[in-house]
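Here's the structure we're looking at; comments come further down.
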Number of protein chains: 2
Amino acid sequence: MSSENTKEKILLSARKLFVEYGFAGTSMGQIAKLAQVNHSLIFHHFENKEKLWLAVKQSIVKEKNQQSKMLPSTDQPFYDFLYALVIKSIKFYRDHPDIMRMISWQRLERSHEEVISLTLSSETQSWINAFKHYQQCGEVNPQLKPEFIVVFVLSIVHVAASDHTVFTQTLANEDAYILFCVERIQKALG
Amino acid sequence: MSSENTKEKILLSARKLFVEYGFAGTSMGQIAKLAQVNHSLIFHHFENKEKLWLAVKQSIVKEKNQQSKMLPSTDQPFYDFLYALVIKSIKFYRDHPDIMRMISWQRLERSHEEVISLTLSSETQSWINAFKHYQQCGEVNPQLKPEFIVVFVLSIVHVAASDHTVFTQTLANEDAYILFCVERIQKALG
DNA sequence: GCATTAATTGACCAATCAGTCAATTTCAAC
DNA sequence: GTTGAAATTGACTGATTGGTCAATTAATGC
């Protein structure tokens, strides 16, 4: 069963390089070298570069869907729920940096392809339902559109998890910022 | 003075292609073709691909600093200030899509280079001062760290301006969402 | 053990890559 | 009008690109 093994090796090497350097920035030669397989083997197993890219993307989608950040219980007070949600989301992004990078590459250099949609929006619906629940409890302002709340919260979480270097070179005390976010979101939605 | 003209043509074509396809995804041949100049002329005017990239980046930084989104007056009530700030920022991003794309390319494929820092953080200080002012007025909670406020607001604005397709395929009524953001931020910071 | 299928190899391809260079043209100053 | 410098050209390079293909090797089913 060396076949599946090498195919896996190629896929892993391709993933490493694609995530790091993107589609255009990665060559088949580099992938072969990293995977320590013959150049032509890649084409035998994955037809061409496009297909290999899609295979890598699919493997990331799969990983994302498997280890999907489960929603915290909605039985607890809203603040606890929100805190757990934010922490869990940030941890998820931190633990799976490939996903965010792949999404970014896709948006920049492969925005035309929609065959496999690699987005963060797949779990939106369960988030919406959770917020609706807290609106019925009276812990969240019932006049607010749940869809807006989700985008609002996700924006903040997304930047907190990975992106804040865009806005400030250094953000002293990241943990304090996360706490800040949770408290401000609660206040905003209450 | 055809010289400066062709140099400008090359720079504009390079910018168009770099912004669209990134560094690795753009070839000198493509640039020459688009600029309708001889291939070798590019090297005469810009030495090599790296230098050309830096020149493009610098031209974008220049444009950004010139047409920098001025801070709204802090003489008005906080809500009006905040609303103007958000609208202005979003409009700025929408009117200058090259800037955001270039920042994204830089972060993905050229994270090593810091010669010219193309960031959104250059105006952070004036934002901080504005928020401090409203904290003294009592319109913004004085216990909140101004640095945190800036990152918090910028996260929301950034996504509202360009990014929300990451989270939801379609966000019905974007204007309503912007209003939603302003109101929620005000509540969060009050 | 034999036949069939799949995995693996290395040689090869045309196209494209960034970059060089000598020769020529253009232009401006005197 | 001559001269010197800069702009422009086209031919060229060696390396790399994605991809093919026939031949060889290894694994599998019977």
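Each chain gets a letter, A, B and so on, in the order its sequence line appears, and its residues count up from 1.
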query = Out of curiosity, does Phe148(A) fall in the hydrophobic cluster containing Ile178(B) (side-chain heavy atoms, cut-off under 4.5 Å, transitive links)?
reply =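 Same cluster.
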Could you tell me the separation between the [atom1] atom of [X] and the [atom2] atom of [N], rounded to a whole number of Å?
| X | N | atom1 | atom2 | answer |
| --- | --- | --- | --- | --- |
| Met28(B) | dA18(C) | CE | P | 7 Å |
| Ile31(B) | dA18(C) | CD1 | P | 8 Å |
| His44(B) | dT25(C) | NE2 | P | 17 Å |
| Leu52(B) | dG19(C) | CG | P | 10 Å |
| Glu8(B) | dA7(D) | CD | C1' | 17 Å |
| Phe43(A) | dT8(C) | CZ | P | 16 Å |
| Lys33(A) | dT17(D) | NZ | C1' | 15 Å |
| Lys7(B) | dT8(D) | NZ | P | 11 Å |

task = Establish, with yes or no, whether the OP1 or OP2 oxygen of dA6(C) is under 4.0 angstrom from a side-chain nitrogen or oxygen of His45(A).
result =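 The answer is no; no side-chain N or O of His45(A) sits under 4.0 Å from OP1 or OP2.
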message = Looking at Lys187(A), I'd like to know if its NZ atom is crowded, meaning that more than 12 non-hydrogen atoms belonging to other residues, nucleotides or ligands lie closer than 6.0 Å.
response =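 Result for NZ/Lys187(A): enclosed.
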message = Does atom OH (Tyr21(B)) have a neighbourhood of more than 12 heavy atoms from anything else shown, all under 6.0 Å?
response =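 Counting neighbours around OH of Tyr21(B), 12 or fewer heavy atoms of other residues, nucleotides or ligands fall under 6.0 Å, so no.
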Matching residue for Arg15(B) among Glu63(B), Glu8(B), Glu20(B) - test: salt bridge (charged side-chain N to carboxylate O under 4.0 Å, His left out) =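 Output: one option passes, namely Glu63(B).
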query = Just by protein heavy atoms under 4.0 Å, how would nucleotides 11-16 of chain D read 5' to 3' in B, S and -?
reply = B-----
task = Would you please indicate if the ring centroids of Phe18(B) and Trp53(B) are separated by under 6.0 Å?
result =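 Yes: the rings meet the under 6.0 Å criterion.
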ask   = So does Glu50(A) pair up with Arg110(A), basic N to acidic O under 4.0 Å?
value =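 Yes, this pair counts.
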Residue Leu41(A), side-chain atoms from C-beta onward, closest of dT20(C), dA7(C), dT8(D) =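 The nucleotide sitting nearest to the side chain is dA7(C).
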